[in-house]
Amino acid sequence: MSEALVTFNQLSLSFASEQGRVRAVQDVSFTINVGQTIGVVGESGCGKSVTAMSLMGLLPPQAARIDGGQILFQGQDLLRLKPSKMADLRGNQLAMIFQEPMTALNPVLTIGEQLCEPLIRHRGETPKAAWAHATRLITDVGLARAESLMSSYPHQLSGGMLQRIMIAMALSCQPKLLIADEPTTALDVTVQAQILRLLRDQARAHEMALMLITHDLGVIAQMAEHVVVMYAGRIVEQGPTADVLRNPLHPYTKGLIAARPIPSERRRRLYSIPGQVPDLAALPPYCAFYERCERATDACRAGIPPLIGQVRQAACIHSTLVEPTA
Ligand SMILES: Nc1ncnc2c1ncn2[C@@H]1O[C@H](COP(=O)(O)OP(=O)(O)OP(=O)(O)O)[C@@H](O)[C@H]1O
Ligand code: SF4
Ligand SMILES: [Mg+2]
C-alpha cells in the first residue's frame, strides 16, 4: 500500500488585483505518495507554480490569500505552520528547483559557498565536512572537475551545469519531496534529456518523491506515474499517466495531447487548442473550458462540473461519453 507524503485537500487560494480577486487555485485535491513521481501539466497561467509555491510556503504574503483547504505533510497542515517551522522544512525535507537556475543562485558567491551553506545550517556540518560533502554532491550530479567548480562563480557555468548545481543543492539535505518547476524548459533538448534522467535516477536512489511541473506531456509520459491536469486553477483530470494519455476523459486533456509538439520535428505542432485560458479574475459560474470545448452543450453552463471518479478523475459532465480507445 502506498503511503501518502503530501496531500492537498481542497486547496483554494487567490490574489488581490485591480480587476478583482484572481482565483489562481480552486478546490485542488491530490496526493503525492512517498517516492512517487507526479506530473502537473496545463497551459500557462493555470495555477501550477502557485500550487507548488503554496506547498513550499513561498507565496507572497501580502498578495496571496488562502481561501480554504489544507496541505498535509506527514500529518501536519503546512498552511498552519509557523514561518520558522516552515523555513526548517524548506531546503531540508522539501526542496524546489526552478526553470531559471541563475535567479536562485547568488552571483557574487562561489558555487562551493552556496552549496555548503545549507549543509552547515540545516545539517550542522563543519565547514570542512560541508566542503567535502558538497564536492561529492557535484560529482553525483554528473559534473566533472568538482574541485574547480566549487571555486567557480555561477556566470562561469552553462545553463545545464547550473541546473545540475541546483539539483545538487536541492538534494544536499536529502529532501522527501523535490518540486521541479519547468526544470528543463530553458535548456537544449540533449541537455534536457540528461537533466530529466538525473532527476529520475536521484529520485529512485533516495526514495524521494518528485513533483514535476511542465507544459510537456512527453516529459510527463516519460517520468511520471501519476498526472494532474490543471485548467484555469482547477484540476480537470488526474490519474495514472499511462491511462490518462491512452484514454483522456476530459476534452482539455484530449486537446493537450493533440497539441503535443511532434518529437521528430521539435517545435512543430499540428494542432493547438483554440482560444485562451479565461481571465482568472472573471471566471464564469460554469465550466471554465466551455468557450474552447468541442463537446460543449447548454448543459455545460449549468454549473461547475465536479471532479468525479476514484483512481481516474475528471471534471466534465460529458466525460462518460468519451469512449475508451483501447
Ligand atoms: N504574485 C501574484 N500576484 C497576482 N497574481 C498572481 C501572482 N502570482 C501568480 N498569479 C496569478 O495566478 C495565476 C496562476 O499562475 P501560475 O504562475 O501558477 O501559473 P502556471 O500554471 O505556473 O503558468 P506557467 O506555465 O506560465 O508557469 C495566474 O493567473 C497568475 O497571473
Ligand atoms: S463540461 Fe462541457 S464544456 Fe466543460 S469540458 Fe465537459 S463537455 Fe466541455
Ligand atoms: Mg509556472
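In this text, all values refer to a predicted model and were calculated from it rather than measured experimentally. Both counts, for ligands and for their atoms, begin at 1 and track the order of listing.
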Short version for H215: what comes under 4.0 Å of ligand 1, heavy atoms counted, is side chain
Ligand 1 to G45, heavy atom cutoff 4.0 Å, flagged ligand atoms 13 (C), 14 (C), 19 (O), 20 (P), 21 (O), 23 (O), 24 (P), 26 (O), 28 (C), 29 (O)
Worksheet item: Is a side-chain donor-acceptor pair under 3.5 Å present for T297 with H318?
Response: yes
In short, I213 meets A52 closest at the heavy-atom pair CD1-CB, 3.6 Å
Ligand 2 to R295, heavy atom cutoff 4.0 Å, flagged ligand atoms 7 (S)
N or O contact, L280 vs ligand 1, cut-off under 3.5 Å:
no
shortest atom 24 (P) of ligand 1-to-protein heavy-atom contact is with S44 OG, 3.6 Å
Of all protein heavy atoms, the one nearest atom 1 (S) of ligand 2 is I317 N, 3.5 Å
side-chain hydrogen bond (donor to acceptor under 3.5 Å, both in side chains) test vs Y252 passes for just one of E43, R292, E237, namely E43
Counting backbone and side-chain atoms alike, is an N, O or S atom of C293 positioned under 2.8 Å from atom 4 (Fe) of ligand 2? no
Crowding at CD, Q74 (>12 non-hydrogen neighbours, <6.0 Å) = yes
Nearest non-hydrogen protein atom to atom 16 (P) of ligand 1, with distance, is V50 CG2, 3.8 Å
Worksheet item: Does any N, O or S atom of C300, backbone or side chain, fall under 2.8 Å from atom 6 (Fe) of ligand 2?
Response: no
inquiry  = Using a plain distance cutoff, I'd like to know if S49 has any nitrogen or oxygen under 3.5 Å from a nitrogen or oxygen of ligand 1.
reply    = yes
Exercise for review: If the plane angle is over 60° it's perpendicular, under 30° parallel, otherwise tilted; pick one for H155 and Y153.
Suggested key: parallel
Check your understanding: If you measure only the distance, is there a donor-acceptor pair under 3.5 Å linking the side chains of T110 and E113?
Key -> yes
Heavy-atom proximity to atom 25 (O) of ligand 1, picking from K48, E182, Q62, points to K48
(Q) Donor-acceptor check, side chain of Q313 to backbone of G239, threshold 3.5 angstrom: yes or no? (A) no
Per-atom filter on ligand 2: closer than 4.0 angstrom to a heavy atom of H250 are 5 (S)
Among non-hydrogen protein atoms, atom 4 (Fe) of ligand 2 lies closest to C287 SG, 2.3 Å
Honestly, for P60 the part within reach of ligand 1 (heavy atoms, under 4.0 Å) is side chain
H318 heavy atoms within 4.0 Å reach ligand 2 at atoms 7 (S)
If you scan the protein for heavy atoms around atom 31 (O) of ligand 1, do you find one that is closer than 4.0 Å? no
Going by the 4.0 angstrom heavy-atom rule, the piece of C316 near ligand 2 is both
Within 4.0 Å of some non-hydrogen atom of A24, the atoms of ligand 1 are 12 (O), 13 (C)
Report task. Please determine if R65 forms a cation-pi arrangement with F15, meaning its NZ or CZ atom is less than 6.0 Å from the six-membered ring centre and no more than 45° off the ring axis. Result -> no
Atom 3 (N) of ligand 1 sits nearest the protein heavy atom F15 CD2, 3.5 Å
Under 3.5 Å, N or O to N or O, is A16 touching ligand 1 that way?
no
>> Parallel, tilted or perpendicular: which one describes the rings of H250 and F289, with boundaries at 30° and 60°?
In response: tilted
Look at ligand 1 and say whether S17 reaches it with a heavy atom at a distance under 4.0 Å. no
Shortest non-hydrogen pair, Q163 vs Q99, comes out as NE2-O, 3.8 Å
Sidechain-backbone polar pair: Q192 side chain, V189 backbone, donor-acceptor under 3.5 Å: no
_Quick one: does any side-chain atom of E225 pair with a main-chain N or O of T37 as donor and acceptor, under 3.5 Å?_
yes
**Asked** Strictly under 4.0 Å, does any heavy atom of G42 approach an atom of ligand 1?
**Response** no
task: Indicate whether the side chain of H226 and that of Q36 have a donor and an acceptor atom separated by less than 3.5 Å.
output: no
